[in-house]
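Data first, discussion second: the structure below is written as structure tokens.
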2 protein chains.
Amino acid sequence: MNNHLRTLRAERGWSQQDLAERLDVSRQSVNAIETGRYDPSLPLAFKIAELFACAIEDIFVSPSKG
Amino acid sequence: MNNHLRTLRAERGWSQQDLAERLDVSRQSVNAIETGRYDPSLPLAFKIAELFACAIEDIFVSPSKG
DNA sequence: TTCGAATGTGAAGGAGGCTTTACATGGAAA
DNA sequence: TTTCCATGTAAAGCCTCCTTCACATTCGAA
């Protein structure tokens with residue numbers, strides 16, 4: 001599933017490590033999500049959306065909408 | 001994580017089996033999500049939101065918002 | 001009462017999310 | 001060049017998601 005995490009993070013000038021700490025996950029998890037190696041769990045997706053103050057749908061692109 | 005899946009399903013008069021078929025998952029998965037035994041994956045959450053034509057946030061309640 | 005549909009749950013197994021540890025690369029700065 | 005930071009990725013392990021098969025309960029209809 002595609003996502004705009006890297007863009008949002010870069011807009012704020014955060015490193016993957018910075019973001020990981022704000023989300024309370026490992027840097028590797030942030031990296032894996034950004035590089036599309038796997039999708040976050042739903043609770044983590046909520047946390048990400050809340051951190052960036054937007055909807056989950058604004059960050060993650062539904063597979064059906066390519 | 002709380003959700004309104006059972007309500008949405010009931011509003012449409014669908015059985016868990018009906019919903020499972022529309023989502024292409026097992027009836028047990030629908031039951032487990034409705035009864036709160038586990039949260040759906042993000043892709044499945046998207047599929048559910050699309051089926052009910054609303055946002056993920058309208059169906060699933062963020063842990064941080066009780 | 002008997003039947004069938006709907007729901008809840010358990011066990012076991014496969015796939016995926018997330019962790020820690022660890023190593024490699026690239027680029028910017030000293 | 002050397003150092004340091006940011007990033008990418010691999011391995012092993014644990015937990016969660018989702019499956020199938022199976023069984024129990026409840027309830028309404030026949």
Side-chain angles (χ1 to χ4, degrees):
Chain A
M1 178 180 305
N2 253 352
N3 68 74
H4 306 129
L5 194 51
R6 187 184 299 267
T7 303
L8 290 166
R9 177 176 62 81
E11 283 171 1
R12 281 152 185 81
W14 295 341
S15 68
Q16 290 181 347
Q17 180 64 48
D18 291 335
L19 177 54
E21 285 169 9
R22 288 170 201 266
L23 294 172
D24 200 34
V25 296
S26 69
R27 175 184 69 84
Q28 286 81 351
S29 287
V30 168
N31 181 274
I33 293 166
E34 284 194 358
T35 59
R37 292 198 291 139
Y38 56 71
D39 300 321
S41 66
L42 186 55
L44 180 51
F46 265 99
K47 220 168 174 178
I48 293 170
E50 285 164 13
L51 177 61
F52 290 108
C54 61
I56 290 176
E57 286 86 349
D58 293 334
I59 304 179
F60 298 94
V61 181
S62 168
S64 77
K65 295 179 181 166
Chain B
M1 179 180 305
N2 249 355
N3 68 74
H4 306 129
L5 194 52
R6 185 184 300 267
T7 303
L8 289 166
R9 177 176 61 83
E11 283 172 1
R12 282 154 184 79
W14 296 341
S15 68
Q16 291 181 348
Q17 181 65 46
D18 291 335
L19 177 54
E21 284 167 10
R22 288 169 201 264
L23 295 172
D24 200 34
V25 296
S26 69
R27 175 185 68 84
Q28 286 82 350
S29 288
V30 169
N31 181 274
I33 294 166
E34 284 193 357
T35 59
R37 292 199 292 143
Y38 56 69
D39 300 321
S41 66
L42 187 55
L44 181 50
F46 264 98
K47 220 167 174 178
I48 293 169
E50 283 163 14
L51 178 60
F52 290 109
C54 60
I56 289 177
E57 286 86 349
D58 293 333
I59 304 179
F60 299 93
V61 181
S62 167
S64 75
K65 296 179 179 164

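Given the structure is predicted, the values throughout are model-derived calculations rather than measurements. Letters A, B, ... mirror the listed sequences (proteins, then strands); counts begin at 1.
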Item checked: Along DNA chain C (nearest heavy atom to each residue), the more 5'-positioned of B/Pro43 and B/Arg9 -> B/Arg9
Notebook entry, point to check: Taking the side chain of B/Leu44 as its heavy atoms from C-beta onward, which of D/dC18, C/dG8, C/dT19 lies nearest to it?
Noted result: D/dC18
Next item on the list: Report yes or no: do B/Ser62 and B/Glu57 form a side-chain donor-acceptor pair below 3.5 Å?
Entry: no
Next item on the list: Assign B/Ser29 to base, sugar-phosphate, or nothing according to its heavy-atom contacts below 4.0 angstrom with the strands shown.
Entry: base
Item checked: Candidate nucleotides C/dT19, C/dG8, C/dG17, ranked by approach to the side chain of B/Gln16 - the nearest -> C/dG8
Notebook entry, point to check: Ignoring hydrogens and angles, are the base of C/dT21 and the side chain of A/Gln28 linked by a donor-acceptor pair under 3.5 Å?
Noted result: yes
Next item on the list: Mind calculating the distance between CD1 (B/Ile33) and P (C/dG8) to the nearest angstrom?
Entry: 13 Å
Check: How long is the line joining CD1 of A/Ile48 and P of C/dG17, in whole Å?
Finding: 12 Å
Note to self: Taking only side-chain N and O atoms of A/Thr35, does any of them lie within less than 4.0 angstrom of OP1 or OP2 on D/dT7?
What the structure shows: no
Margin query: Quick one: does any side-chain atom of B/Arg12 pair with a main-chain N or O of B/Leu8 as donor and acceptor, under 3.5 Å?
Written below: yes
Next item on the list: Output yes when at least one side-chain N/O atom of B/Asn31 is less than 4.0 Å from OP1 or OP2 of C/dT7, else no.
Entry: no
Checklist line | B/Arg9/B/Glu34 ion pair, N-O < 4.0 Å | finding: yes
Notebook entry, point to check: In whole Å, what is the span from the CD atom of B/Gln17 to the P atom of C/dT7?
Noted result: 10 Å
Check: Between D/dC17 atom C1' and B/Leu23 atom CG, what is the distance in whole Å?
Finding: 14 Å
Check: Is the base of C/dG8 touched by the side chain of B/Arg27 through a donor-acceptor pair closer than 3.5 angstrom?
Finding: yes
Margin query: Between P on C/dA15 and CE on A/Met1, what's the gap in Å once rounded to a whole number?
Written below: 20 Å
Check: Choosing from C/dT20, D/dT7, D/dC18, which nucleotide comes nearest the side chain of A/Ser26?
Finding: C/dT20
Note to self: The side chain of B/Ser15 is closest to which nucleotide in this list: C/dA6, D/dC17, C/dG8?
What the structure shows: C/dA6
Checklist line | Given C/dG17, C/dT9, D/dT19, the nucleotide with the shortest approach to the side chain of B/Val25 | finding: D/dT19
Check: Can you tell me how far C1' of C/dT7 sits from CG of B/Leu5, to the nearest Å?
Finding: 14 Å
Notebook entry, point to check: Within less than 4.0 Å of OP1 or OP2 of C/dA6, is there a side-chain N or O belonging to B/Arg6?
Noted result: no
Check: Can you tell me if A/Asp18 uses its side chain to pair, donor with acceptor, with the backbone of A/Ser15 under 3.5 Å?
Finding: yes
Item checked: A/Phe52 side chain near A/Ile59 side chain, heavy-atom distance below 4.5 Å -> yes
Item checked: Nearest-Å distance for atom pair CG/C1', residues B/Asp39 and C/dC18 -> 15 Å
Item checked: Integer-rounded Å distance: D/dC18 P and B/Leu19 CG -> 13 Å
